[in-house]
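One-based numbering along the sequence shown. Bear in mind the structure is a predicted one, so any value in this text is a computation, not a measurement.
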Amino acid sequence: MTMSEGKKKNKRKKILFVCTGNTCRSPMAEAILRAKIKRNKIRWWDVSSCGIQAETENGISLNSKLALEEAGITIENFKPRQLTQKIIDASTIVFCMTETQKRVLEGCGRVFCIKDVCGYDIPDPYGCNIEAYKVTRDALSRACDIIIKNYITQYKDGKEIK
């Protein structure tokens, strides 16, 4: 790697979404925020997701995929990933779907929950009908708008995120 490649790589910031299995909420949040970042021409930010107990043998849930497609967001070849400390350390900001998940990761890094951002947890729609997934999608979309406004556009290198 050349010096300029190293500098370029270091400029990228990473948002990580975390849920339980990494098949419903966090992949939806990842896809939604990625689409909003692209639409708003925001550079230097990457988005990914993991699960505290990832269901790595599965993909994104069908209802999550359908709810995203209805909103014009496609997600292809998604593979759930198990959360590790290394992934947290490589992230600029980590957002859990619930306060309980945030408590599990307490002391692991810059970990927040969606409730810190917008005042509500994102309940798990796993096993519910498509309407529950649409409600989840819409709640995540509102949270992503706030993340862009209050975190991404406000972030400055070296400034502690609170």
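Within the model, atoms CG of Asp145 and CG of Asn150 stand 10.5 Å from one another, a figure rounded to the nearest 0.5 Å. Once rounded to the nearest 0.5 Å, the distance linking CZ of Arg34 with OG of Ser49 reads 8.0 Å. For the atom pair OG1 (Thr23) and CG (Asn58), the distance works out to 7.0 Å, reported to the nearest 0.5 Å. Note that OG of Ser64 and CD1 of Ile73 are 12.0 Å apart. Values are rounded to the nearest 0.5 Å. Atom CD1 in Ile93 sits 8.5 Å away from atom CZ in Arg110 (nearest 0.5 Å).
Side chains of Leu33 and Ile152 form a contact here, defined as non-hydrogen atoms less than 4.5 Å apart. Looking at heavy atoms from C-beta onward, Leu66 lies out of side-chain contact with Tyr133 at the 4.5 angstrom threshold. You'll find the side chain of Phe17 reaches within 4.5 Å of the side chain of Cys144, heavy atoms only.
Across all non-hydrogen atoms, the minimal contact from Pro80 to Asn22 is CA-OD1, 3.1 Å. Counting all heavy atoms, side chain and backbone alike, Ser26 lies closest to Met97 at CA-CE, 4.2 Å. Annotation for Thr98 and Arg25: closest pair CG2-NH1, 3.7 Å, computed over non-hydrogen atoms. What you find for Asn63 and Cys128 is that their closest heavy atoms are ND2-O, 3.3 Å. Heavy atoms only, all atoms of each residue included: Glu30 and Phe78 are closest at OE1-CE1, 3.4 Å. The two residues Gln85 and Cys108 have their closest heavy-atom pair at NE2-O, 2.7 Å.
Contacts of Glu76 classified as side-chain hydrogen bond (donor to acceptor under 3.5 Å, both in side chains), with partners at least two apart in sequence or in another chain: none. Residues forming a side-chain contact (heavy atoms from CB on, under 4.5 Å) with Asn129 (at least two apart in sequence, or on another chain): Glu131, Ala132. Scanning for side-chain hydrogen bond (donor to acceptor under 3.5 Å, both in side chains) contacts around Arg103 gives Thr100, with sequence neighbours left out. For Glu70, the side-chain contact (heavy atoms from CB on, under 4.5 Å) criterion is met by Lys134, Arg137, not counting sequence neighbours. Under the side-chain contact (heavy atoms from CB on, under 4.5 Å) criterion, Asp116 pairs with Lys102, Phe112, Cys113, sequence neighbours left out. Qualifying side-chain hydrogen bond (donor to acceptor under 3.5 Å, both in side chains) partners for Thr56, counting only residues two or more places apart in sequence or in other chains: none. With sequence neighbours excluded, the residues that form a side-chain contact (heavy atoms from CB on, under 4.5 Å) with Ser141 are Ile32, Lys36.
Residue pairs meeting the salt bridge (charged side-chain N to carboxylate O under 4.0 Å, His left out) criterion with at least one partner in residues 52-65, sequence neighbours excluded, are absent. Listed by first and then second residue, the salt bridge (charged side-chain N to carboxylate O under 4.0 Å, His left out) pairs involving residues 40-49 are Arg12-Asp46 (not counting sequence neighbours). Within the structure, salt bridge (charged side-chain N to carboxylate O under 4.0 Å, His left out) contacts touching residues 80-90 (residues at least two apart or in different chains) do not occur.
Leu105 belongs to a hydrophobic cluster whose other members, connected by ILVMFWY side-chain contacts under 4.5 Å either directly or through intermediates, are Leu16, Val18, Ile52, Leu83, Ile87, Ile88, Val94, Val104, Val111.
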Show me the side-chain donor-acceptor pairs of residues 119-126 shorter than 3.5 Å, one per line, residues at least two apart or across chains.
{"from": "Tyr120", "atom 1": "OH", "to": "Ala139", "atom 2": "O", "distance (Å)": "2.9"}
{"from": "Asp121", "atom 1": "OD1", "to": "Glu99", "atom 2": "N", "distance (Å)": "3.1"}
{"from": "Asp124", "atom 1": "OD1", "to": "Tyr126", "atom 2": "N", "distance (Å)": "3.0"}

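Clustering ILVMFWY residues whenever any of their side-chain heavy atoms sit less than 4.5 angstrom apart, transitively, puts Val117 in the very cluster that holds Ile42.
For Gln82, the CD atom counts as densely surrounded, since its 6.0 Å shell holds more than 12 non-hydrogen atoms of other residues, nucleotides or ligands.
Considering Thr153, Ile148, Ile37 as possible partners of Trp45, the one that fulfils the side chain to side chain contact (heavy atoms under 4.5 Å, CB included) test is Ile37.
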